[in-house]
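Data first, discussion second: the structure below is written as structure tokens.
Each residue takes its place number in the sequence, starting with 1.
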Amino acid sequence: MTNLYLPADGQARCPWCSATAQYLAYHDQEWGFPVEDDQRLFEKICLEGFQSGLSWRTILQKREHFRAAFAQFDFHVVAEFTEADVARLLADAGIVRHRGKITATINNAQRALELVAEAGSLADFFWRYAPASDPGPQVIAQSAESLALSKALKKRGWRFVGPTTMYAFMQAMGLVNDHAAGCVTRPLAAAARAEALARRRA
């Protein structure tokens, strides 16, 4: 409990929430809660790729700009982006202007279409990599599941999907619940994750 963040409402949160007010809202409303919508999943995996080597605060501050620049992360649209779009994005100061990450996002949109054709949906594919049991909050950079997911995506031609990036993605989309012990949001995320898993196993 000593390492938890205690904001003005007196409810303990994960310690990283103290960095910025944006983190607190993201933590309480999104991080660790299950995502099953394909467009939101594509957004999350792309933004985790853009975050590589940067702080998440930078990405969160630019997220609305990213959404506008990448057609709200509708991968059906992004898959059709051309070199003209790459040039447009490289000139957009509202996003992270990294050619490799931009072209990887377009590539990954094309691969997402293939994955939907193969697995039925992105959600159906990604949720296969949920751990069999909740190991409890962990301070790790990758896991056996993130290694397996990274390998599976790379085999299918995805880029910027290394095992550390995939573990961050799994945390963000609720495949794992790494809210700290004693964090007020941990049991809420755990209950939502259990419900999502129950639906998928029904």
Can you sort out the partners of E80 under salt bridge (Lys or Arg N to Asp or Glu O under 4.0 Å), two or more places apart, ordered by chain and number?
none
As a test of understanding, state which of K44, R193, R199 forms a salt bridge (charged side-chain N to carboxylate O under 4.0 Å, His left out) with E36.
R199
So SG of C14 and CG of D28: to nearest 0.5 Å the spacing works out to 9.5 Å
Taking side chain as C-beta onward, heavy atoms only, is D124 less than 4.5 Å from R200?
yes
Quick one: closest heavy-atom pair of A112 and F75, and the distance?
CB-CD1, 3.8 Å
From H65 atom NE2 to D92 atom CG, the distance as rounded to the nearest 0.5 Å
8.0 Å
Do Y167 and V35 land in one hydrophobic cluster if side-chain heavy atoms of ILVMFWY residues count as linked below 4.5 Å?
yes
Any non-hydrogen side-chain atom of I106 less than 4.5 Å from a side-chain atom of Q110?
yes
Please list all pairs passing the ring pair (Phe, Tyr, Trp, His ring centres under 6.0 Å) test where one or both residues lie in residues 102-125, with sequence neighbours left out.
F125-Y129
Atom OG1 of T105 and atom CG of L89: how far apart are they, to the nearest 0.5 Å?
8.5 Å
Taking only residues two or more places apart in sequence, or in another chain, which ones meet R57 in a side-chain hydrogen bond (donor to acceptor under 3.5 Å, both in side chains)?
none
Smallest separation among heavy atoms of P7 and R13, with atom names
CG-NH1, 3.3 Å
Quick test of your reading of the model: are R40 and E43 salt-bridged, counting only N-O distances below 4.0 Å?
no
Distance in Å, L41 CG paired with L175 CG, rounded so as to fall on 0.5 Å steps:
8.5 Å
Go through the steps for W31 and Y23 under the test side-chain contact (heavy atoms from CB on, under 4.5 Å), then give the verdict.
CA-CA 9 Å; W31 194 74; Y23 275 7; over 6 Å; no
Any carboxylate oxygen within less than 4.0 angstrom of a Lys/Arg side-chain nitrogen, looking at K155 and E118?
no
